Amino acid sequence: MTVRVRFAPSPTGMFHVGGARSALQNWIFAKQHGGVFVLRVEDTDAARNRPEWIDGILTALDWIGIRRGSYEGPYFQSANAGEHRAAAERLHQGGRAYYCDCARADVQARTGSEHRGYDGFCRDRGLQACAGRALRFRTPDTGSTTVVDLVRGEPTFDNQLIEDFVIARGDGSPVFLLANVVDDISQGITHVIRAEEHLPNTPKQQLLWDALGVKPPIWAHVPVVVNEKRQKLSKRRDKVALEAYRDEGYLSAAMCNYLMLLGWAPSNDREIVPWSVIEQEFRLDAVNPSPAFFDEKKLRAFNGEYIRALPIEDFIAACQPWLTGTPPTPGAPSGTGVTVPPWRPVDYDPATFAAVAPLAQTRIAVLSEIVANVDFLFLDMPAIDGAAWTKAMKKGSTELLEATIAAFDALPEWSADALKAALEQVGTARGLKLGKAQAPVRVAVTGRSVGLPLFESLEVLGADRTLRRLRAARTEITG
Ligand code: GLU
């Protein structure tokens, strides 16, 4: 039997990090079993679908290494509508489903509760299809349904507690539960690996598989992803869009590694491991069914490590989209919730950037931070951070800047070492440690209070621009 898995997103919003995790798990599972990964876009909710979300799915999958051409599909659920209707009809013909004209209020009045579900009133009324009548599946009255789940063992559901659920609406359109099963059957899916939130659907869906005469798949419901308050990650509250992380400058490799740790760990307590190790070691039956905490701080730390591990040429190349102001992935949906700092390169010069790149590589955790670290090198005058300015430009700063200008101006050689020695001397003469003496110089020249090592930065910036900025700051303070 060839293993066939599918990733079945609905194109109703940005690509959720939890979805990315499920996609990767499916992808690895298929690879480990010499199987096939199918992409199926579940686009039957016409009111909520938007074409750009479909592009977003393809782009996001590509970004995490699931490349177009290396999987089957994309198939579109809407294209299979005829089969969904035919299956509903077959279930009706075979007596496994019946038409129902009960209004919700009537059901509630009979059961005395809105939570009790459908009471089977129309089961034996023999109603025929008619506009406004829903088609309900006749669930077994006795016994239980056991699903084989690689993550959760064999959860068993009492059939009596499964209501006669709707499989086609009053307008004849099949609902998600049925469409999803019919597609899985027609696409020959052997393993359904998906988020835990679909577990309650599973006994119903397995009953549908049985009723349609096909052996159900093996299931794997991977844990829900939660925030630090243990709430399910929500797009209204949390940063869930994969695109947001990409635009902020997370590396795909770091993201993929981190996503795979949501509910699973490689051997020997390792966390940062090459993808080849993950592909080899990952096991669905080793996934912890408890909710998995998406820890953005940890992801940032991971990303910093991945950035530091890049060969310098790769780091330089990876920074380019942010340095040149091009979006990381052109064509991706906008509105990812991330503001990449505005970047107006005045005089961007690859050689200048290459000179400071190794210094920056050790300091940033996400690639977008590169802009704030190096923009002073490419702007005519630095973008001044007002708070940093107020803090650094204290009483006495004018005199300190004055002395620094004179000392720097007199240097025979413009090198980091010489600049440092000169400022040290200026500071010592005024009873200031180097850190204190540096503060106004740093803000005057770079606009910020933190950043790359100062003297190396000044060396790269050059004497003319450094002195011009120091003089401008002195004038600004003296007014
Ligand atoms: N379209 C469903 C979703 O996005 C997936 C259902 C499934 O994987 O079975 O949640």
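All of these numbers come straight from a predicted model, not from anything done at the bench. Start at 1 and go down the list; that is how both ligands and their atoms are numbered.
- Ligand-side atoms of ligand 1 in range of A8: 1 (N), 2 (C), 3 (C), 4 (O), 5 (C), range being under 4.0 angstrom from any heavy atom.
- Per-residue contacts place N180 under 4.0 angstrom from the following atoms of ligand 1 (heavy atoms of the residue considered): 6 (C), 7 (C), 9 (O).
- Under 4.0 Å from ligand 1, the heavy atoms of H198 that appear belong solely to its side chain.
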Enumerate donor-acceptor pairs with a distance under 3.5 Å from any side-chain N or O in residues 23-30 to protein atoms, sequence neighbours excluded.
unit_1: N26; atom_1: ND2; unit_2: S22; atom_2: O; d: 3.0
unit_1: N26; atom_1: ND2; unit_2: I193; atom_2: O; d: 3.0

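- Numbered from 1 in the order shown, with element, the atoms of ligand 1 that lie under 4.0 Å from a heavy atom of F176 read 6 (C).
- The closest side-chain donor-acceptor pair between R6 and Q187, if any, does not fall under 3.5 angstrom.
- For E197, no nitrogen or oxygen atom sits less than 3.5 Å from a nitrogen or oxygen atom of ligand 1, counting backbone and side chain alike.
- Using a 3.5 Å distance cut-off with no hydrogens or angles, the side chains of T111 and D119 do not pair a donor with an acceptor.
- Note on residues 150-177: pairs passing side chain to side chain donor-acceptor pair (under 3.5 Å), not counting sequence neighbours, are Y98-D164, R123-D164, T139-D164, T145-N159, T146-T156, R169-S173, D171-S173.
- Near E42, the atoms of ligand 1 lying under 4.0 angstrom from a non-hydrogen atom of the residue are 1 (N), 2 (C), 5 (C), 6 (C).
- Classification of the H92-Y99 ring pair by plane angle, with boundaries at 30° and 60°, yields perpendicular.
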Problem - Stepwise ring pair (Phe, Tyr, Trp, His ring centres under 6.0 Å) test for Y245 and F294 - result: CA-CA 13 Å; Y245 291 93; F294 188 89; 5.7 Å; yes

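- Applying the 4.0 Å criterion to heavy atoms of R6 picks out, from ligand 1, the atoms 7 (C), 8 (O), 9 (O).
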